[in-house]
S.K.: 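My questions all concern the structure below.
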2 protein chains.
Amino acid sequence: MRAIAKELNIKAASLYWHFSGKLDLYGAIAEYLCSRYEMPEESDDPKDYLIASYRAYRTMLLSTRDSVPVLENSIPYTPRRMEIIRAISKALLKMGVKEQTLTTIANLLNNYVLSFVADECRFKNTPPDKLHEIDKMLCPQDKLFLSIPSDFDEQFIYGLQVLFAGLEALKNRE
Amino acid sequence: MRAIAKELNIKAASLYWHFSGKLDLYGAIAEYLCSRYEMPEESDDPKDYLIASYRAYRTMLLSTRDSVPVLENSIPYTPRRMEIIRAISKALLKMGVKEQTLTTIANLLNNYVLSFVADECRFKNTPPDKLHEIDKMLCPQDKLFLSIPSDFDEQFIYGLQVLFAGLEALKNRE
DNA sequence: ACCTGAACACCGTTCAAGT
DNA sequence: ACCTGAACACCGTTCAAGT
């Protein structure tokens, strides 16, 4: 609060006239971030639409420091965020996701992106000498299990493909 | 730190003789929690083994308050946690997961469980009157998109099934 | 309507000093 | 070897008082 206030050339106490508290401010920041992120154009294939959406979501998250905790700790019932939730939900239903599992699946996908970006940022913010130190510590066998992704874009898309392949497989199973 | 010290009838400053800092303490707690969680017995079917593992993981997480942030913010290079990572990784390889995507997939699954339990705890800790207030605020259409899971166990398993169906589908695709 | 200074109750952490 | 008191530099938040 003090840091944000400083940036605005006011005092932290003044922020409490505009926002009820830190989480309320988070909510406003999250809404702003979501208003800047471009939804892809409607597509006949809901899967293509969703994959494009989640790619844009990740790009938005990567564009702003600490966006993940802000999104994670804010309440999503703001206009722009609800718009996104509706668009995603409709596409999921169109893909064959059942109503009873809609929230679970939407949360799963949302959490995938947030967790992926959180891990990505954590890695990118780890100093190289620290990484080297860890590398020295691990035995050869374990290095395979804890290797660092070389291409985050590629790995992100691969994870998405796994998730959508799962949704399609369960749809066809009945 | 002060709260933990109080529980031990010492002062917070004393903890710094035993641990280098808060995250170091988190690491020790995480290792302890993981040592209490029983790995399922080896199975011929790696998928059964993995599903049993992640169910036990969730049970462990639910058994202790704030376990999710402790696991999320600690470094996993401790003996018991490495044991678990090795067992999970081996089962994933046996399932047909490729070496290049192993870390991505293992992280995806780990993040799924952590995020699911985090959401579950958030909901369970939301007072009923607050939930009712939100319910009143939403329009009927949106309620479908933001419904609360009635059975967390069932939804957790469903999410796992989606993930494993995706892994199997991508394996068969080549 | 909007901002401030001063305070409150909290953090994690350090360190000289104790035993 | 293990613990402590006192301090440091931080938090988010409140509120009477200013303009």
Side-chain angles (χ1 to χ4, degrees), chain A residues 1-35 61 64-79 81 114 117-119 121-127 129-131 133-134 137, chain B residues 1-35 61 64-79 81 114 117-119 121-127 129-131 133-134 137:
Chain A
M1 302 303 280
R2 288 174 217 257
I4 288 170
K6 190 164 217 169
E7 205 71 24
L8 299 166
N9 294 316
I10 57 173
K11 303 297 165 191
S14 311
L15 289 172
Y16 289 81
W17 194 89
H18 302 277
F19 302 97
S20 71
K22 199 173 77 152
L23 293 188
D24 188 36
L25 216 181
Y26 275 20
I29 297 170
E31 177 71 356
Y32 171 74
L33 289 174
C34 288
S35 79
L61 291 170
T64 306
R65 212 183 43 170
D66 295 328
S67 57
V68 172
V70 168
L71 267 284
E72 262 170 356
N73 294 293
S74 55
I75 289 153
Y77 311 123
T78 44
R81 289 179 82 180
L114 290 176
V117 174
D119 286 347
C121 292
R122 189 174 305 169
F123 166 73
K124 288 178 175 169
N125 292 329
T126 304
D129 54 328
K130 181 93 184 176
L131 287 176
E133 186 192 322
I134 292 168
M137 204 184 65
Chain B
M1 302 303 279
R2 288 173 217 259
I4 288 170
K6 191 164 217 169
E7 204 71 23
L8 299 166
N9 293 316
I10 57 174
K11 303 296 165 192
S14 311
L15 288 171
Y16 289 82
W17 194 90
H18 302 278
F19 303 96
S20 70
K22 199 174 77 153
L23 293 187
D24 189 35
L25 217 180
Y26 276 19
I29 297 171
E31 177 71 356
Y32 171 74
L33 288 175
C34 289
S35 78
L61 290 169
T64 306
R65 212 184 41 171
D66 295 327
S67 57
V68 172
V70 167
L71 267 284
E72 262 171 355
N73 295 292
S74 56
I75 289 152
Y77 312 121
T78 46
R81 289 179 82 180
L114 290 177
V117 174
D119 286 346
C121 292
R122 189 172 306 168
F123 166 73
K124 287 178 176 170
N125 291 329
T126 305
D129 54 329
K130 182 95 184 172
L131 287 175
E133 186 193 321
I134 292 167
M137 204 183 64

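A, B, ... follow the sequence lines: proteins, then strands. Residue 1 opens every chain.
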S.K.: In the strands shown, is dC10(C) matched to any nucleotide by a Watson-Crick or G-U wobble pair with both distances under 3.5 Å, and which?
M.R.: none
S.K.: State, yes or no, whether a side-chain contact exists between L25(B) and M1(B) at a heavy-atom distance under 4.5 Å.
M.R.: yes
S.K.: Any heavy-atom pair between the side chains of S14(A) and W17(A) that's under 4.5 Å?
M.R.: no
S.K.: Along nucleotides 3-10 of chain C, 5' to 3', which nucleotides get a B, which get an S, and which get a -, given that the test is a protein heavy-atom distance under 4.0 Å?
M.R.: SBB-----
S.K.: Any chance you could measure I29(A), atom CD1, to N73(A), atom CG, to the nearest 0.5 Å?
M.R.: 11.5 Å
S.K.: With a 4.5 Å limit on heavy-atom distance, are the side chains of L23(B) and Y26(B) in contact?
M.R.: yes
S.K.: side-chain hydrogen bond (donor to acceptor under 3.5 Å, both in side chains) with S74(B): which of R81(B), K22(B), E31(B)?
M.R.: R81(B)
S.K.: Considering just the side-chain nitrogens and oxygens of Y16(A), establish if one lies under 4.0 Å of OP1 or OP2 belonging to dT13(D).
M.R.: yes
S.K.: In terms of the nearest nucleotide of DNA chain C, which residue is placed more toward the 5' end: S20(B) or A3(B)?
M.R.: A3(B)
S.K.: Counting only Watson-Crick pairs (N1-N3 plus N6-O4 or O6-N4) and G-U wobbles (N1-O2, O6-N3), all under 3.5 Å, who is the partner of dG5(D)?
M.R.: dC15(C)
S.K.: Report the distance from atom CG of D66(B) to atom CG of L61(B), rounding to the nearest 0.5 Å.
M.R.: 11.5 Å
S.K.: M1(B) CE to dG12(C) C1': how many Å, rounded?
M.R.: 7 Å
